[in-house]
Amino acid sequence: MIITDTKNSYGIITILLHWIMAVLIIGLFLLGEYMVDLSYYDAWYNSALWWHDSVGITIFLLLLIRIVWKLNSIKPKPLLTYKPFEIKIAKTAHVMFYILLIIICISGYFISTAKGQGIDFFGWFDVPAIMKLNEVQANLMSQAHEITTYILVALFILHTVAALNHHYFHKDITLIRMLKPLKPLKPKDNLK
Amino acid sequence: MKMINSILLSVSLSFASVSAIADNYIIDIKGMHAAIQFKISHLGYSWLTGRFNDFDGSFNYDKNKPEASKIEIVIKTNSVDTNHAKRDKHLREEDFLDVNKYPEARFTSTSFSEKSDGTAILKGNFTLHGITKPISINVKYIGQGEDPWGGYRIGFEGETRITLADYGMTYDLGPASTEMDLFFHIEGIKI
(Lines give C-alpha, C1' and ligand atoms only; values in the text may rest on other atoms or scores of the structure.)
Protein backbone atom coordinates (compact mmCIF):
# COMPACT_ATOMS: atom_id res chain seq x y z
CA MET A 1 0.00 0.00 0.00
CA ILE A 2 1.49 3.31 -1.09
CA ILE A 3 0.26 5.97 1.32
CA THR A 4 1.98 9.09 0.01
CA ASP A 5 2.25 10.40 -3.52
CA THR A 6 5.32 9.41 -5.55
CA LYS A 7 6.86 10.57 -8.82
CA ASN A 8 4.96 7.77 -10.51
CA SER A 9 1.64 7.70 -8.84
CA TYR A 10 -0.84 9.12 -6.36
CA GLY A 11 -0.90 7.54 -2.91
CA ILE A 12 -3.93 6.18 -1.17
CA ILE A 13 -4.56 9.39 0.84
CA THR A 14 -4.72 11.61 -2.23
CA ILE A 15 -6.90 9.06 -4.00
CA LEU A 16 -9.30 8.78 -1.07
CA LEU A 17 -9.50 12.55 -0.65
CA HIS A 18 -10.19 12.91 -4.38
CA TRP A 19 -13.03 10.41 -4.52
CA ILE A 20 -14.65 11.16 -1.18
CA MET A 21 -14.72 14.84 -2.08
CA ALA A 22 -15.99 14.05 -5.58
CA VAL A 23 -18.94 12.12 -4.16
CA LEU A 24 -19.71 14.76 -1.51
CA ILE A 25 -19.44 17.67 -3.95
CA ILE A 26 -21.62 16.06 -6.61
CA GLY A 27 -24.11 15.05 -3.93
CA LEU A 28 -24.16 18.52 -2.44
CA PHE A 29 -24.67 20.14 -5.85
CA LEU A 30 -27.65 17.87 -6.54
CA LEU A 31 -29.03 18.48 -3.05
CA GLY A 32 -28.62 22.22 -3.56
CA GLU A 33 -30.46 22.15 -6.87
CA TYR A 34 -33.20 20.03 -5.33
CA MET A 35 -33.70 21.96 -2.11
CA VAL A 36 -34.09 25.43 -3.60
CA ASP A 37 -37.29 24.29 -5.31
CA LEU A 38 -38.81 22.51 -2.31
CA SER A 39 -42.19 23.81 -1.24
CA TYR A 40 -42.71 25.00 2.31
CA TYR A 41 -44.83 21.95 3.10
CA ASP A 42 -42.23 19.45 1.92
CA ALA A 43 -40.97 17.21 4.71
CA TRP A 44 -37.41 17.91 3.51
CA TYR A 45 -37.78 21.70 3.53
CA ASN A 46 -35.78 22.18 6.74
CA SER A 47 -33.63 19.05 6.85
CA ALA A 48 -32.29 19.48 3.29
CA LEU A 49 -30.75 22.80 4.27
CA TRP A 50 -29.39 21.31 7.47
CA TRP A 51 -27.64 18.51 5.57
CA HIS A 52 -26.39 20.93 2.94
CA ASP A 53 -24.78 23.15 5.59
CA SER A 54 -23.14 20.31 7.50
CA VAL A 55 -21.85 18.48 4.42
CA GLY A 56 -20.61 21.80 3.05
CA ILE A 57 -18.51 22.38 6.16
CA THR A 58 -17.21 18.81 5.87
CA ILE A 59 -16.12 19.51 2.31
CA PHE A 60 -14.37 22.68 3.42
CA LEU A 61 -12.45 20.79 6.12
CA LEU A 62 -11.46 18.09 3.63
CA LEU A 63 -10.44 20.81 1.21
CA LEU A 64 -8.10 22.38 3.76
CA ILE A 65 -6.58 18.98 4.59
CA ARG A 66 -6.19 18.29 0.90
CA ILE A 67 -4.48 21.60 0.15
CA VAL A 68 -2.00 21.08 3.01
CA TRP A 69 -1.46 17.49 1.88
CA LYS A 70 -0.95 18.49 -1.74
CA LEU A 71 1.51 21.26 -0.92
CA ASN A 72 3.59 18.81 1.10
CA SER A 73 3.50 15.95 -1.40
CA ILE A 74 5.72 14.94 -4.30
CA LYS A 75 3.97 15.68 -7.58
CA PRO A 76 3.50 12.69 -9.88
CA LYS A 77 5.13 13.47 -13.22
CA PRO A 78 3.07 14.11 -16.33
CA LEU A 79 3.01 11.36 -18.93
CA LEU A 80 5.35 11.70 -21.95
CA THR A 81 2.35 11.69 -24.23
CA TYR A 82 0.85 14.84 -22.69
CA LYS A 83 1.21 17.86 -24.91
CA PRO A 84 2.51 21.03 -23.20
CA PHE A 85 -0.79 22.86 -23.70
CA GLU A 86 -2.68 19.94 -22.16
CA ILE A 87 -0.47 20.13 -19.09
CA LYS A 88 -1.07 23.86 -18.88
CA ILE A 89 -4.86 23.49 -19.19
CA ALA A 90 -4.96 20.67 -16.65
CA LYS A 91 -2.89 22.62 -14.13
CA THR A 92 -5.06 25.71 -14.57
CA ALA A 93 -8.21 23.61 -14.19
CA HIS A 94 -6.91 21.99 -11.01
CA VAL A 95 -5.99 25.34 -9.44
CA MET A 96 -9.43 26.65 -10.49
CA PHE A 97 -11.07 23.75 -8.68
CA TYR A 98 -9.39 24.75 -5.44
CA ILE A 99 -10.16 28.45 -5.83
CA LEU A 100 -13.80 27.84 -6.78
CA LEU A 101 -14.35 25.39 -3.93
CA ILE A 102 -12.91 27.86 -1.43
CA ILE A 103 -15.23 30.60 -2.71
CA ILE A 104 -18.24 28.28 -2.73
CA CYS A 105 -17.59 27.06 0.82
CA ILE A 106 -16.96 30.51 2.26
CA SER A 107 -19.93 32.14 0.50
CA GLY A 108 -22.15 29.25 1.61
CA TYR A 109 -21.01 29.72 5.19
CA PHE A 110 -21.85 33.42 5.02
CA ILE A 111 -25.29 32.77 3.49
CA SER A 112 -26.22 30.70 6.53
CA THR A 113 -24.50 32.83 9.18
CA ALA A 114 -25.29 36.31 7.81
CA LYS A 115 -27.56 37.08 10.74
CA GLY A 116 -25.05 35.99 13.36
CA GLN A 117 -26.62 32.56 13.84
CA GLY A 118 -24.17 29.65 13.76
CA ILE A 119 -24.43 26.42 11.79
CA ASP A 120 -25.46 23.26 13.58
CA PHE A 121 -22.79 20.78 12.41
CA PHE A 122 -24.55 17.41 12.18
CA GLY A 123 -26.10 18.16 15.57
CA TRP A 124 -22.71 17.72 17.23
CA PHE A 125 -21.75 21.34 17.81
CA ASP A 126 -22.38 24.82 16.58
CA VAL A 127 -20.02 26.37 14.04
CA PRO A 128 -20.18 30.02 15.13
CA ALA A 129 -20.85 32.98 12.88
CA ILE A 130 -17.78 35.17 12.65
CA MET A 131 -19.46 38.29 11.32
CA LYS A 132 -22.86 39.68 10.46
CA LEU A 133 -23.54 40.78 6.93
CA ASN A 134 -25.93 43.40 5.68
CA GLU A 135 -28.47 42.60 2.92
CA VAL A 136 -26.21 43.79 0.12
CA GLN A 137 -23.30 41.68 1.33
CA ALA A 138 -25.59 38.68 1.93
CA ASN A 139 -27.03 38.98 -1.59
CA LEU A 140 -23.49 39.15 -2.94
CA MET A 141 -22.69 35.90 -1.13
CA SER A 142 -25.77 34.22 -2.61
CA GLN A 143 -24.78 35.28 -6.10
CA ALA A 144 -21.16 34.25 -5.59
CA HIS A 145 -22.30 30.85 -4.29
CA GLU A 146 -24.50 30.26 -7.32
CA ILE A 147 -22.23 31.60 -10.05
CA THR A 148 -19.08 29.86 -8.82
CA THR A 149 -21.03 26.61 -8.45
CA TYR A 150 -22.07 26.72 -12.10
CA ILE A 151 -18.49 27.47 -13.14
CA LEU A 152 -17.46 24.47 -11.02
CA VAL A 153 -19.98 22.30 -12.87
CA ALA A 154 -18.52 23.38 -16.22
CA LEU A 155 -15.04 22.61 -14.92
CA PHE A 156 -16.25 19.25 -13.60
CA ILE A 157 -17.54 18.35 -17.05
CA LEU A 158 -14.20 19.32 -18.64
CA HIS A 159 -12.33 17.33 -15.98
CA THR A 160 -14.50 14.23 -16.45
CA VAL A 161 -14.41 14.35 -20.24
CA ALA A 162 -10.63 14.77 -20.13
CA ALA A 163 -10.18 11.82 -17.76
CA LEU A 164 -12.42 9.55 -19.83
CA ASN A 165 -10.71 10.72 -23.00
CA HIS A 166 -7.34 9.70 -21.57
CA HIS A 167 -8.70 6.35 -20.45
CA TYR A 168 -10.74 5.25 -23.43
CA PHE A 169 -9.27 7.20 -26.33
CA HIS A 170 -5.57 7.57 -25.51
CA LYS A 171 -5.64 4.44 -23.34
CA ASP A 172 -3.05 5.82 -20.93
CA ILE A 173 -2.77 5.58 -17.13
CA THR A 174 -4.10 9.07 -16.31
CA LEU A 175 -7.37 7.85 -14.78
CA ILE A 176 -5.87 4.66 -13.37
CA ARG A 177 -3.35 6.71 -11.40
CA MET A 178 -6.28 8.31 -9.58
CA LEU A 179 -8.02 4.96 -9.00
CA LYS A 180 -5.23 3.00 -7.35
CA PRO A 181 -1.62 3.61 -6.31
CA LEU A 182 0.70 2.18 -8.98
CA LYS A 183 3.80 0.19 -8.25
CA PRO A 184 7.01 1.00 -10.24
CA LEU A 185 5.92 1.88 -13.71
CA LYS A 186 6.54 -0.04 -16.85
CA PRO A 187 8.09 1.63 -19.93
CA LYS A 188 4.73 1.51 -21.69
CA ASP A 189 3.31 3.85 -19.05
CA ASN A 190 5.09 6.67 -20.84
CA LEU A 191 6.23 8.64 -17.85
CA LYS A 192 8.45 11.65 -18.47
CA MET B 1 -30.38 57.88 -0.86
CA LYS B 2 -30.06 60.80 -3.26
CA MET B 3 -33.07 59.57 -5.16
CA ILE B 4 -35.11 59.25 -1.98
CA ASN B 5 -34.10 62.73 -0.94
CA SER B 6 -35.14 64.16 -4.27
CA ILE B 7 -38.43 62.27 -4.11
CA LEU B 8 -39.00 63.55 -0.63
CA LEU B 9 -38.11 67.05 -1.68
CA SER B 10 -40.57 66.94 -4.55
CA VAL B 11 -43.19 65.35 -2.30
CA SER B 12 -42.73 67.95 0.39
CA LEU B 13 -42.78 70.71 -2.21
CA SER B 14 -46.05 69.37 -3.53
CA PHE B 15 -47.37 69.29 0.01
CA ALA B 16 -46.35 72.87 0.39
CA SER B 17 -48.30 73.83 -2.71
CA VAL B 18 -51.35 71.82 -1.65
CA SER B 19 -51.56 73.34 1.77
CA ALA B 20 -49.37 76.22 2.69
CA ILE B 21 -50.46 76.29 6.30
CA ALA B 22 -50.02 72.57 7.09
CA ASP B 23 -47.01 71.51 9.07
CA ASN B 24 -44.57 69.36 7.18
CA TYR B 25 -42.86 66.50 8.92
CA ILE B 26 -40.02 64.24 8.00
CA ILE B 27 -40.04 60.76 9.48
CA ASP B 28 -37.28 60.45 12.07
CA ILE B 29 -35.05 57.98 10.26
CA LYS B 30 -31.81 59.45 11.60
CA GLY B 31 -32.76 58.78 15.21
CA MET B 32 -34.88 55.85 14.03
CA HIS B 33 -38.02 56.62 15.98
CA ALA B 34 -40.03 54.80 13.39
CA ALA B 35 -40.59 51.21 12.38
CA ILE B 36 -42.34 49.23 9.69
CA GLN B 37 -43.13 45.76 10.94
CA PHE B 38 -45.13 42.83 9.71
CA LYS B 39 -46.68 39.76 11.21
CA ILE B 40 -47.76 36.60 9.44
CA SER B 41 -49.12 33.35 10.76
CA HIS B 42 -46.71 30.41 10.90
CA LEU B 43 -48.72 27.30 10.01
CA GLY B 44 -51.59 28.74 12.03
CA TYR B 45 -49.73 27.91 15.24
CA SER B 46 -47.85 31.10 16.02
CA TRP B 47 -46.75 34.44 14.58
CA LEU B 48 -43.69 35.19 12.55
CA THR B 49 -42.73 38.84 12.84
CA GLY B 50 -40.30 40.86 10.84
CA ARG B 51 -39.56 44.37 9.74
CA PHE B 52 -38.10 46.53 7.03
CA ASN B 53 -34.99 48.27 8.28
CA ASP B 54 -34.57 50.75 5.45
CA PHE B 55 -37.37 53.15 4.63
CA ASP B 56 -37.96 56.84 4.40
CA GLY B 57 -40.83 59.20 4.15
CA SER B 58 -42.51 62.45 5.04
CA PHE B 59 -46.00 63.70 5.77
CA ASN B 60 -47.93 66.82 6.55
CA TYR B 61 -50.55 67.30 9.16
CA ASP B 62 -52.65 70.27 10.11
CA LYS B 63 -54.76 69.77 13.19
CA ASN B 64 -57.23 72.35 11.93
CA LYS B 65 -57.54 70.64 8.62
CA PRO B 66 -56.62 66.98 9.18
CA GLU B 67 -58.40 65.78 6.03
CA ALA B 68 -55.69 67.55 4.00
CA SER B 69 -52.96 65.42 5.57
CA LYS B 70 -50.76 63.45 3.26
CA ILE B 71 -48.04 60.90 3.68
CA GLU B 72 -45.62 59.08 1.46
CA ILE B 73 -43.40 56.21 2.58
CA VAL B 74 -40.78 54.43 0.50
CA ILE B 75 -39.54 51.05 1.72
CA LYS B 76 -36.38 49.35 0.48
CA THR B 77 -37.55 45.75 0.13
CA ASN B 78 -33.94 44.58 0.31
CA SER B 79 -33.94 45.42 4.01
CA VAL B 80 -36.48 42.76 5.04
CA ASP B 81 -35.40 41.32 8.38
CA THR B 82 -36.90 38.36 10.21
CA ASN B 83 -33.77 37.63 12.25
CA HIS B 84 -32.95 34.49 10.25
CA ALA B 85 -30.40 34.60 7.43
CA LYS B 86 -31.80 31.85 5.22
CA ARG B 87 -35.42 32.98 5.54
CA ASP B 88 -34.44 36.57 4.75
CA LYS B 89 -32.56 35.34 1.70
CA HIS B 90 -35.65 33.44 0.56
CA LEU B 91 -37.88 36.47 1.17
CA ARG B 92 -35.61 38.57 -1.04
CA GLU B 93 -35.83 36.07 -3.89
CA GLU B 94 -38.41 35.60 -6.65
CA ASP B 95 -40.81 33.55 -4.51
CA PHE B 96 -41.56 36.63 -2.43
CA LEU B 97 -40.32 40.21 -2.68
CA ASP B 98 -38.03 39.73 -5.70
CA VAL B 99 -35.95 42.68 -4.53
CA ASN B 100 -33.74 42.89 -7.61
CA LYS B 101 -36.79 43.49 -9.80
CA TYR B 102 -38.82 45.42 -7.23
CA PRO B 103 -36.37 47.24 -4.96
CA GLU B 104 -39.00 49.57 -3.53
CA ALA B 105 -42.40 49.33 -1.92
CA ARG B 106 -44.35 52.52 -1.54
CA PHE B 107 -47.37 53.91 0.20
CA THR B 108 -48.92 57.13 -1.06
CA SER B 109 -51.95 58.39 0.77
CA THR B 110 -55.09 59.56 -0.98
CA SER B 111 -57.31 60.50 1.95
CA PHE B 112 -57.25 60.88 5.70
CA SER B 113 -60.38 61.03 7.84
CA GLU B 114 -59.98 61.71 11.49
CA LYS B 115 -62.52 60.61 14.07
CA SER B 116 -63.24 62.30 17.37
CA ASP B 117 -61.60 59.54 19.42
CA GLY B 118 -58.12 60.16 18.03
CA THR B 119 -58.25 57.36 15.50
CA ALA B 120 -58.37 57.87 11.77
CA ILE B 121 -58.66 56.03 8.51
CA LEU B 122 -55.79 56.61 6.12
CA LYS B 123 -56.46 55.48 2.58
CA GLY B 124 -53.89 55.26 -0.12
CA ASN B 125 -52.13 53.23 -2.74
CA PHE B 126 -49.69 50.59 -1.63
CA THR B 127 -47.18 49.31 -4.15
CA LEU B 128 -45.49 46.03 -3.33
CA HIS B 129 -43.85 43.48 -5.64
CA GLY B 130 -44.62 45.82 -8.56
CA ILE B 131 -48.38 45.80 -7.93
CA THR B 132 -50.32 48.80 -6.71
CA LYS B 133 -53.55 48.36 -4.75
CA PRO B 134 -55.64 50.71 -2.67
CA ILE B 135 -55.46 49.93 1.04
CA SER B 136 -56.94 51.38 4.17
CA ILE B 137 -54.82 51.86 7.28
CA ASN B 138 -56.29 52.23 10.76
CA VAL B 139 -54.37 55.08 12.31
CA LYS B 140 -54.08 56.05 15.93
CA TYR B 141 -52.69 59.37 17.04
CA ILE B 142 -50.09 58.88 19.78
CA GLY B 143 -48.89 62.31 20.81
CA GLN B 144 -47.07 65.48 19.87
CA GLY B 145 -45.05 68.26 21.37
CA GLU B 146 -41.67 69.84 21.68
CA ASP B 147 -38.69 67.58 22.12
CA PRO B 148 -35.80 68.43 24.49
CA TRP B 149 -33.50 69.37 21.59
CA GLY B 150 -35.39 72.27 20.07
CA GLY B 151 -37.58 70.36 17.62
CA TYR B 152 -41.25 69.52 17.37
CA ARG B 153 -42.47 65.97 16.96
CA ILE B 154 -45.69 64.10 16.31
CA GLY B 155 -46.35 60.38 16.32
CA PHE B 156 -48.88 58.00 14.86
CA GLU B 157 -49.28 54.29 14.55
CA GLY B 158 -51.03 52.50 11.73
CA GLU B 159 -52.18 48.98 11.10
CA THR B 160 -53.52 47.21 8.07
CA ARG B 161 -53.88 43.74 6.63
CA ILE B 162 -52.96 42.74 3.10
CA THR B 163 -53.42 39.53 1.15
CA LEU B 164 -50.14 38.27 -0.28
CA ALA B 165 -51.76 36.96 -3.47
CA ASP B 166 -53.12 40.47 -4.21
CA TYR B 167 -49.50 41.48 -4.64
CA GLY B 168 -48.58 38.52 -6.79
CA MET B 169 -46.90 36.53 -4.03
CA THR B 170 -48.44 33.10 -4.30
CA TYR B 171 -45.78 30.88 -2.74
CA ASP B 172 -47.66 28.33 -0.65
CA LEU B 173 -47.11 29.06 3.04
CA GLY B 174 -50.26 27.19 4.00
CA PRO B 175 -53.91 28.18 4.37
CA ALA B 176 -53.32 30.11 7.60
CA SER B 177 -50.65 32.32 6.08
CA THR B 178 -52.24 34.02 3.10
CA GLU B 179 -52.56 37.39 4.80
CA MET B 180 -50.06 39.64 6.46
CA ASP B 181 -50.51 42.38 9.05
CA LEU B 182 -48.48 45.53 8.55
CA PHE B 183 -47.66 47.95 11.32
CA PHE B 184 -46.36 51.46 10.89
CA HIS B 185 -44.88 53.36 13.80
CA ILE B 186 -44.18 56.84 12.61
CA GLU B 187 -42.58 59.75 14.41
CA GLY B 188 -42.26 62.93 12.40
CA ILE B 189 -40.00 65.90 13.04
CA LYS B 190 -41.38 69.22 11.89
CA ILE B 191 -39.35 70.79 9.11
- Item | From CA spacing to verdict: side-chain contact (heavy atoms from CB on, under 4.5 Å), B:K89, A:I111 | CA-CA 8 Å; B:K89 173 180 182 294; A:I111 289 170; 3.4 Å; yes
- Message: Less than 4.5 Å to any heavy atom of chain A: does that hold for the side chain of B:N53, its backbone, both, or neither?
- Response: neither
[atom1] of [X]: more than 12 outside heavy atoms within 6.0 angstrom?
| X | atom1 | result |
| --- | --- | --- |
| A:W51 | CH2 | no |
| B:W47 | CH2 | yes |
| B:R51 | CZ | no |
| B:E67 | CD | yes |
| B:Y45 | OH | no |
| A:Y41 | OH | yes |

- Item | Parallel, tilted or perpendicular, as decided by the 30° and 60° cut-offs, for the rings of B:H90 and A:Y45 |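 Geometry flag for B:H90 against A:Y45: tilted rings.
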- Message: To the nearest 0.5 Å, what is the distance between CD on A:Q143 and CG on B:N100?
- Response: 6.0 Å
- Query: What is the distance from atom CG of A:L133 to atom CG of B:D88, rounded to the nearest 0.5 Å?
  - Reply: 12.0 Å
- Message: Could you check whether any side-chain N or O of A:Q117 sits under 3.5 Å from a backbone N or O of B:N83, counting only pairs where one atom can act as donor and the other as acceptor?
- Response: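 The answer is yes, because a donor-acceptor pair under 3.5 Å joins these two groups.
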- Spell out, as yes or no, whether a donor-acceptor pair under 3.5 Å connects the side chain of A:Y40 to the backbone of B:Y171.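 Judged by distance alone, no pair lies under 3.5 Å.
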- Which one, A:N134, A:V36, A:T113, A:L49, leads in non-hydrogen pairs under 4.5 Å with chain B? A:L49
- Query: Should A:L61 and A:I103 be counted in the same cluster of Ile, Leu, Val, Met, Phe, Trp and Tyr side chains packed under 4.5 Å apart?
  - Reply: no
- Query: B:V80 and B:Y102: same hydrophobic cluster, using ILVMFWY side-chain contacts below 4.5 Å?
  - Reply: no
- Task: Let me see the working for A:K115 and B:D81 under side-chain contact (heavy atoms from CB on, under 4.5 Å), right down to the final yes or no.
- Result: CA-CA 9 Å; A:K115 284 279 169 191; B:D81 183 356; 2.9 Å; yes
- Please report the closest heavy-atom contact between B:A85 and A:S112, naming both atoms and the distance. CB-O, 3.7 Å
- Query: So what's closer than 4.5 Å to chain B heavy atoms on A:D53: side chain, backbone, both or neither?
  - Reply: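 A:D53 touches chain B through side-chain heavy atoms alone.
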